[in-house]
Trainee: 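Below you'll find the structure I mean.
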Amino acid sequence: MIKMTKVLGKKTLKPALLLMAAMLVAAGCSSGGGSTKEVEVSLEGRYTVDPETPAWQLDKKEEPTDLTWYVNADWWNTDFGKDVVTKKIKEDLNINIKFITGDDTKLNTFFAGGDMPDLLTIFDSNSPVVQKAATWALPLNELAEKYDPYFNKVAAADTLNWFQLKDGKTYGYPNYSNTQADYDSGNIPAKTAFVIRKDVYETLGSPDFGTPEAFRKSMSEIKAKFPDMIPFGFNAIGEGTGSLGDALQDFIGVPLETEDGKFYNRNLDEDYLTWLRTLNAVYRDGAISDDSFADDGTGFEEKVKSGKYATMLLDGTPQQGGNLQIFMSANPGKEYMAVDGPQSTVGHQPTLNQSGITGWMINYITKNCKDPAKAIQIFTYLLSEEGQKLMNYGVEGVTYKLNPDSTVELLPEVKDLQLNNADKFKKDYRMGEFMFFGHDRHKALSKDAFPESIKQMQEWGKGKLKPHFILENINPDQGTPEARGQTAINTNWNTTLVSMIRAKDDATFDSVLAEHKAFLDKNNWDKIVEVRSEKMKANKEKLGIK
Amino acid sequence: MNRKVIREDLDSRIFDAVNKVLLVCFMVIILVPLWNVIISSLSSGRALAEGGFIFWSKEFSLENYRAVFNDSTIGQSFVVSVAKTFIGVITHVFFCAMIGYGLSKRYIRGRKLYVAMGVITMFFSGGMIPTYLLIKSLGLLNTFWVYIIPALFSYYDVVILMNFFRNVPDSLEESAKIDGAGDWHIFLKIFIPLSMPAMATIALFNGVGQWNDFMTTKLYITDQALYPLQMKLYEIIVQSQTQSMQNIGGSVVIETTTKGVQLATIVITTLPIVAMYPILQRYFISGMMLGAVKE
């Protein structure tokens with residue numbers, strides 16, 4: 001090896017440093033960044049704006065519009081115009097979309113390089129990119145006014161208000177954004193359930209899981225009668241600590257806020273802790289497998305698929321729908337079913353959560369967009385009744401038929417393909433997959449929207465949902481000391497929860513809990529609560545909740 | 001005297017035996033997981049989900065490989081991968097050798113400055129975003145050359161080659177000069193043939209790097225036609241992971257599992273490099289040795 005001292009002798013170091021400094025200066029001077037000049041589109045010769053008709057029906061632009069659409073997800077299928085759904089979009093709107101996918105790294109390079117795509121879809125509504133949308137995206141309200149007022153008819157006012165930035169404008173529109181009205185309509189299915197294998201349930205004579213004592217007893221019975229199975233399973237520990245965190249809290253109805261409307265640390269709720277003590281006892285009885293703490297999402301899914309768990313506290317039933325269905329088809333009569341699981345020891349009712357108003361993906365039209373008129377037409381089109389049905393069920397007469405009761409039914413050959421040739425179905429039809437603006441309420445239109453395996457679970461959850469809007473996006477802003485404290489606390493809570501459940505005796509359980517409480521104090525917990533309470537107040541104002 | 005020899009003999013035999021046992025154990029530790037990956041990739045999803053096998057799978061199936069090769073563009077990606085590795089390695093080795101040759105000459109003016117500049121690049125890089133901006137303004141985004149040009153130079157490799165070239169006796173160069181050879185001639189006809197071991201070593205290092213690299217694609221390429229195998233397989237894995245997220249209704253009997261696809265992918269991507277290794281190994285060992293031994 002070369003000796004550093006020799007190479008970097010004093011004589012050579014100086015000129016090298018000078019050279020570097022010169023290079024830095026040169027680089028600094030030349031950095032102009034990308035230009036973000038807004039494009040003004042003339043509608044002359046194309047159409048005159050009409051609030052009663054969607055602009056895409058009026059637009060007479062002859063040549064197809066080419067748009068680039070960046071989706072911040074590597075797994076997104078970038079095909080366009082080959083399957084039933086996107087082919088129809090392509091024809092109706094006369095557009096060609098080139099999809100680009102990537103992860104946060106790619107997104108950053110886009111912002112740094114200045115060559116933004118026309119449309120942009122990201123996932124984290126709490127990210128700095130979203131907070132600064134005003135600098136790179138076009139406001140939807142203004143676009144609607146200028147090019148397509150019909151947009152306001154199809155977009156939910158609550159959702160638009162929710163995403164309003166400080167300047168009073170809304171830049172992005174999400175999918176799966178559920179408003180109070182959606183909750184009230186009863187069209188949103190629950191996604192959390194305590195499930196048990198039917199054969200186990202019947203063999204044990206419909207056991208009870210409601211109280212801590214009954215839960216522990218039933219688990220021991222399962223362990224005794226079904227030694228090959230793991231009596232109790234739960235989603236992989238991780239963000240929100242699997243289904244043993246928020247999901248269990250919702251299950252037993254831990255309050256969302258304090259009585260005076262402040263942030264409430266639900267993790268330390270006594271009712272909830274009682275249940276954690278129960279889980280600890282169940283663990284000590286040997287009815288919870290250590291594997292469950294180590295499994296990642298895939299590990300958990302594979303256990304679901306093979307029916308390894310006798311019971312599960314399952315969060316995200318639609319996501320497990322495929323796995324549950326595989327088990328159900330292979331083992332008729334043993335399928336998982338939802339039963340009333342753990343219940344509050346102090347009489348609270350379940351307050352199950354579903355997608356909130358923040359939704360999932362959020363879509364933007366950037367300032368670089370070549371044809372903002374066309375872009376807002378896409379938004380309107382996909383958000384309209386017609387677009388929603390297209391995304392979920394395809395084209396009427398080709399893939400589905402409309403029943404007299406206005407429900408939707410897939411045609412037999414399409415249904416057959418869906419059941420027996422998933423690859424071809426995905427490739428040729430791509431229904432339910434092009435979901436930039438998908439919403440739960442349209443899933444309720446058809447019996448075919450969800451797999452058979454989870455329908456009973458959804459039925460069970462009726463009336464148990466409660467919006468958690470006030471708790472959405474209340475984390476401290478990224479980059480603040482509170483945000484760092486928050487991240488540390490979340491990580492600490494994950495390990496604390498696992499340690500509590502695995503505690504070898506009550507004393508250990510208590511000491512782990514005490515350690516977590518001390519950790520909270522050390523990491524600015526009071527400040528975080530303050531920030532969150534403040535944000536909860538702002539949320540209530542936005543939604544008009546008293 | 002005689003007894004001592006025997007004892008020494010026994011000692012060394014015990015030493016050898018212990019060594020062999022240890023090495024066999026070590027080999028088993030390495031080979032068993034490798035074997036397990038291969039047979040697991042050849043198992044059906046069902047067998048894989050149940051798990052519990054180490055040496056022989058319960059259900060043989062090529063479904064995982066079918067899932068990977070199902071993608072019609074995978075052949076093209078393979079061509080891109082091979083081309084970028086092949087062209088990348090040749091140009092990289094040649095370019096680094098040229099610079100190394102130049103820097104190995106003590107009479108070059110400003111040599112120390114160049115060396116110092118080179119060393120600085122070993123410790124500091126521009127960072128991702130400045131590099132992206134540079135690549136962008138060079139017009140390399142979405143071109144095949146983004147795999148080749150930025151990868152031409154590696155100071156680390158230059159140092160290895162430089163040291164190697166220095167070991168070539170000066171008298172050899174002098175006599176060539178007397179016979180009328182120019183710099184190019186000396187470089188191409190004397191130094192390169194003499195340095196084949198070092199070149200092969202660097203070629204192998206760089207080749208593995210090029211073959212495995214997908215960050216370059218992730219950052220600078222959006223055109224699917226330019227995706228190398230690694231990027232394509234990365235996509236397949238990510239898609240297999242998110243299949244269930246897209247909750248398509250109905251009973252979908254999936255023959256593969258995410259794990260199965262991942263394992264098949266590991267086998268597919270590693271196999272070409274493993275196959276190359278025995279061919280290059282001869283150079284590799286001697287190259288490493290010669291590079292390390294100095295007078």
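Throughout, protein chains are lettered first and strands after them, A, B, ... in sequence-line order, and every chain is numbered starting at 1. Every value quoted in this text rests on a predicted model; they were computed, and no experiment measured them. These numbers come from the heavy atoms of this one structure, side chains and all, not from hydrogens, waters or symmetry mates.
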Trainee: What are the two closest heavy atoms between A:T109 and B:Y132, and how far apart are they?
Mentor: O-CE2, 3.2 Å
Trainee: Between A:A112 and B:I129, what is the shortest heavy-atom contact and its length?
Mentor: CB-CG2, 3.1 Å
Trainee: Working to the nearest 0.5 angstrom, can you tell me the gap between A:T105 OG1 and B:K218 NZ?
Mentor: 5.5 Å
Trainee: With a 4.5 angstrom heavy-atom cut-off, which part of B:T217 approaches chain A: side chain, backbone, both or neither?
Mentor: backbone
Trainee: Are any non-hydrogen side-chain atoms of A:T101 and B:T222 less than 4.5 angstrom apart?
Mentor: no
Trainee: When you look at OH of B:Y65, are more than 12 heavy atoms from neighbouring residues, nucleotides or ligands closer to it than 6.0 Å?
Mentor: yes
Trainee: Would you mind listing every salt bridge (charged side-chain N to carboxylate O under 4.0 Å, His left out) that reaches into residues 137-151 of chain B, with sequence neighbours excluded?
Mentor: none
Trainee: Side chain from CB out, backbone as N, CA, C, O: work out which of these in B:I221 comes under 4.5 Å of a heavy atom of chain A, or both, or neither.
Mentor: backbone
Trainee: With a sphere of 6.0 Å drawn around NZ of A:K455, does it hold more than 12 non-hydrogen atoms of other residues, nucleotides or ligands?
Mentor: yes
Trainee: Would the number of heavy atoms belonging to other residues, nucleotides or ligands and lying under 6.0 Å from NZ of A:K82 be above 12?
Mentor: no
Trainee: Below 4.5 Å, heavy-atom pairs only: which of A:D74, A:I100, A:T68 has the largest tally toward chain B?
Mentor: A:D74
Trainee: Less than 4.5 Å to any heavy atom of chain A: does that hold for the side chain of B:L134, its backbone, both, or neither?
Mentor: neither
Trainee: Do any pairs count as a salt bridge (charged side-chain N to carboxylate O under 4.0 Å, His left out) and have a residue in residues 105-114 of chain A, sequence neighbours left out, and if so which ones?
Mentor: none
Trainee: More than 12 heavy atoms of other residues, nucleotides or ligands under 6.0 Å from CZ of B:F78: is that the case?
Mentor: no
Trainee: Please report the interatomic distance CD(B:E235) to CG(A:N77), rounded to the nearest 0.5 Å.
Mentor: 9.0 Å
Trainee: So which part of A:K98 gets closer than 4.5 Å to some heavy atom of chain B, the side chain, the backbone, both or neither?
Mentor: side chain
Trainee: Where on B:L133 is there a heavy atom nearer than 4.5 Å to chain A: the side chain, the backbone, both, or neither?
Mentor: side chain
